[in-house]
Number of protein chains: 4
Amino acid sequence: MELGLVGLGKMGGNMRERIRRAGHTVIGYDRNADLADVHSLEELVGKLSAPRVVWVMVPAGEATQATVDRLGELLEPGDVVVDGGNSRWTDDEKHAEELAAKGIGFVDCGVSGGVHGLANGYALMYGGDEENVAKVRPVLDALKPEGDFGSVHAGKVGAGHFSKMVHNGIEYAMMQAYAEGWELLEKVDSVENVREIFRSWQEGTVIRSWLLDLAVNALDDDEHLDGLRGYAQDSGEGRWTVEAAIDNAVPLPAITASLFARFASRQDDSPQMKMIAALRNQFGGHAVEKKP
Amino acid sequence: MELGLVGLGKMGGNMRERIRRAGHTVIGYDRNADLADVHSLEELVGKLSAPRVVWVMVPAGEATQATVDRLGELLEPGDVVVDGGNSRWTDDEKHAEELAAKGIGFVDCGVSGGVHGLANGYALMYGGDEENVAKVRPVLDALKPEGDFGSVHAGKVGAGHFSKMVHNGIEYAMMQAYAEGWELLEKVDSVENVREIFRSWQEGTVIRSWLLDLAVNALDDDEHLDGLRGYAQDSGEGRWTVEAAIDNAVPLPAITASLFARFASRQDDSPQMKMIAALRNQFGGHAVEKKP
Amino acid sequence: MELGLVGLGKMGGNMRERIRRAGHTVIGYDRNADLADVHSLEELVGKLSAPRVVWVMVPAGEATQATVDRLGELLEPGDVVVDGGNSRWTDDEKHAEELAAKGIGFVDCGVSGGVHGLANGYALMYGGDEENVAKVRPVLDALKPEGDFGSVHAGKVGAGHFSKMVHNGIEYAMMQAYAEGWELLEKVDSVENVREIFRSWQEGTVIRSWLLDLAVNALDDDEHLDGLRGYAQDSGEGRWTVEAAIDNAVPLPAITASLFARFASRQDDSPQMKMIAALRNQFGGHAVEKKP
Amino acid sequence: MELGLVGLGKMGGNMRERIRRAGHTVIGYDRNADLADVHSLEELVGKLSAPRVVWVMVPAGEATQATVDRLGELLEPGDVVVDGGNSRWTDDEKHAEELAAKGIGFVDCGVSGGVHGLANGYALMYGGDEENVAKVRPVLDALKPEGDFGSVHAGKVGAGHFSKMVHNGIEYAMMQAYAEGWELLEKVDSVENVREIFRSWQEGTVIRSWLLDLAVNALDDDEHLDGLRGYAQDSGEGRWTVEAAIDNAVPLPAITASLFARFASRQDDSPQMKMIAALRNQFGGHAVEKKP
């Protein structure tokens, strides 16, 4: 089939390559002309035969909104827009409604896979009407990993991004689990081979996983991670997971703890701990550490 | 080699079988005569040639202490006791000292694998002097999974159980991670195929793992887990992990949250939430739910 | 001065009374004609002299929006609307802009005090331009507690509700603190007089507070809270506090734990704990509790 | 009455003064001869008339154990030892048994009050048999605050220290509550007068407390706490509270979060966050911050 692909960055570029390898035609557009096959969205749409499928792979928020808006002007009834970016699920219903008013279909698709996706395939979670999903099916099949897994029609519009968001929330807590265990092992004198303990866990244990394999890779690079700062960014999806939990009155203590640990890691000095120190000093005469 | 094995329950019985399949001689003792090869620890020790290795696989605490005490009386200098049970790491140094006073060696060994261990091997984490570990090596090789992983000399006496304990702590938080994500997905209307979402994650995602595979198995048995109560026991090792963290001033927010969630799951009614309800009623005139 | 007061429920009704006792004229409107002094917002506005001040005390969200919209039509340049309800701070800037387009001022005011406010005064946190605040000042002075405290100009528009929201977030964690301590004391056999321990803490301790006094009152009513269910509602403000923290990358572990504990208290059975039980059963053959 | 008081540090010295002001005779011993009234425990015991009461106010652990041991040798049946230090409640039963074997009574007493105790009195929580408590009563009455509160017979031996420990656990979470709220208010631009917001809360709010008063004092000293480092010590009692919760399967999410926040505040760099950064880099090619 033919696919229009908007956004050819680290993810989009690899996805274009994987879809082409599967024998499909991909016409890619990017603001960076060095990456692009065409010079404009208009040209991209003009090169596709109806019913057109255009996959949007640009940053969530304003960039995605602008692209969806422009595609709404360029596409025709029966065409389908896929948002494969990291949009918040609450944006999906809005986009679906805006496009539906013009007869254009919408599918949201959460994509996981990172730098390994080109070779191994991308995990796909998508939401939308079966009719629209069917038009995208060949591309979904090309992107997903081989085998029986890796691709799911999660539900209605929004369910794809919602599932991907929850995937990332789970990822936060799994990473935190290994990180907490690693720190505790590193702290205790009688434990002498933490890297080899992690390596040994790769088979026969309850906690074997791909993330564990990556942890071993990281420790092989730098046994005690001495070269790194304990500083972790977070993407929007961890935050959105907690917000969705709050909206739905679902307690997420481990995922939220993992998010907060990242927030704290980025503070040079903790304001709340200044207040704790100040209070301890007030009532107990406890010494405080003054800044130099 | 010859091994004395004390404790032939679910774990010990399967371990005897796996060691025998590897060609070693195992003499097993259990209080349950139907399971045992010999009628007493004395008989067991009498059947082994020096240097003897006796692997203890009985409940942590009193039963293990009594067995170690009795073996201290029966064994001779140069023999080795292995504690493969779920002992707290703080017991190991004590046992090692008691036995060392009699010239008997000690190795602690955390064993993971559960019901799948007989077929797939057991993950082993052991601690102790190289000299003592060497005497147990053939049995360790028989028990571990095939391949390069699954077995590690973690450090000094105690490091084996400590590593296994941390493994279980990580396991708590990983299970909690999937459980939180599953609850959130089940709660939201637009998401229609939660089981299939979990299944799809088994390939190509960051969160693929053996625990995820088990979660899919569980959902295949009972798609919404309707037949289960939300009630989870905890073993000692999750608690000890948090206590070790406190001893070492290591923050473990996700692992601890996972432990507390299990505690709460076993309360018919939450005393602390009664106090919250009572306070809300006091200051705001908020309605409280009275017991029938 | 003259005040128009919209919303005469539990809070609004008592506030009208307290403002009148201070010698001001209050014209109250409520959809419930039995409570109201006038029959419509139109009539209310008509009875006030310019510059008019209308205090809105209706449920946050749609009801407040509708009232602000209608007042925008009825009031004149130089008048001021005060939103004293529990609006989310993000609504305030929107309301301020809508009214400013018509020359009408806006002040947001968080109000604390509950059922004790009529007698003791209400704590007030307000945001807005000094010019608009000045027009409301006599009413603010009438509502606040006597003495030097209880009233603050917190900052720009939105800062009032934001401060009140944070107040409530702190309240969640303080309540949780006492509740956790109470449960632990009640659980331990050697501790025999938990109510009297709480009572003793009312003087000379670091943790003495008004909430502690309320806890003692509650325990005097029902020593072990046997008559209550461990079931706690939450208002929007606890949730918004956590959302504001996420927006600002501020870790709030204690406040969030308090919110999640309330969520969990309202679940008859915990879905996430079903998943934990299912996983334990899968890997360890651990027994699960089936539903009857 | 006559009291022997062992340990005349910051707490013990002030307590001697307060008891003397109430008209009792206090004979104080301290290793620091400048502070002491006598030169040895032997001399101290020799100066008291039977039945003797000796109050021990030395550091928990070895120092208290050594003092109790020595008093066990010096005192006679019918005498009473009071441990007013910060001993772990689990030590109390042990001390009581050791002394009971010699006919000597034991009372454990948790003491709160800090630097304000001399003037305002100390909150006292004590455990032990009524017979022994009665012998100490006049001193308990002298130490406690005036009024109806501040002193409680909490239960059996150990209940005093247990109650004090829980008091401190609650204190941790209350301090954390204010600290989290303060940080969030400081972070948001529209909020301009955080110190004045805190000050206003001192009357008419749900969260007014002595700790809040102290927070205002601290902010009056240094409005944004710019001079302090966000670095907070913890005493043993917060840790013991969490350990007691674990022993009793009581979930304490807010108190534990408060303890962990202090642990994290003392780390120059977070090892667990290094692992998070390393994993993010492994799977997503996310940039890591290298150490300079």
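Only a predicted model underlies this, so the values are computations on that prediction, with no experimental measurement involved.
- Taking the side chain as every heavy atom from C-beta outward, C:Gln282 and B:Trp210 never approach each other to under 4.5 Å.
- Between B:Gln176 and C:Met273 the shortest side-chain heavy-atom distance falls below 4.5 Å.
- In this structure, chain C has a heavy atom under 4.5 Å from the side chain of B:Leu219, while its backbone stays farther away.
- Proximity to chain C involves both the backbone and the side chain of B:Ala278, based on heavy atoms less than 4.5 angstrom apart.
- In plain terms, the two heavy atoms of B:Met275 and C:Phe198 that are nearest each other are CE-CE2, 4.3 Å.
- Per-residue heavy-atom pair counts under 4.5 Å with chain B were compared for C:Ser258, C:Ala232, C:Ala264, C:Gly227, and the maximum is reached by C:Gly227.
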Q.
Applying side-chain contact (heavy atoms from CB on, under 4.5 Å) to B:Arg262 and C:Arg280, what does each step give before you reach the verdict?
A. CA-CA 12 Å; B:Arg262 294 191 183 190; C:Arg280 277 173 51 82; 3.7 Å; yes
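- The most heavy-atom pairs under 4.5 Å with chain C, out of B:Asp226, B:Asp222, B:Leu184, come from B:Asp226.
- C:Asp269 contributes a side-chain N or O that, together with a main-chain N or O of B:Gly230, makes up a donor-acceptor pair within less than 3.5 Å.
- A heavy-atom distance below 4.5 Å is not found between the side chains of C:Tyr178 and B:Gln272.
- Here C:Leu279 contributes atom CG and B:Leu225 contributes atom CG; the two are 8.5 Å apart, rounded to the nearest 0.5 Å.
- Counting all heavy atoms, side chain and backbone alike, C:Glu183 lies closest to B:Gln267 at OE2-NE2, 2.6 Å.
- Contact of B:Asp221 with chain C is made through the side chain alone, with heavy-atom distances under 4.5 Å.
- For chain C, no part of B:Glu186 is nearby; none of its heavy atoms comes within less than 4.5 Å.
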Q: Would you check, one step at a time, whether the test side-chain contact (heavy atoms from CB on, under 4.5 Å) holds for B:Lys274 with C:His224?
A: CA-CA 9 Å; B:Lys274 292 184 181 199; C:His224 302 289; over 6 Å; no
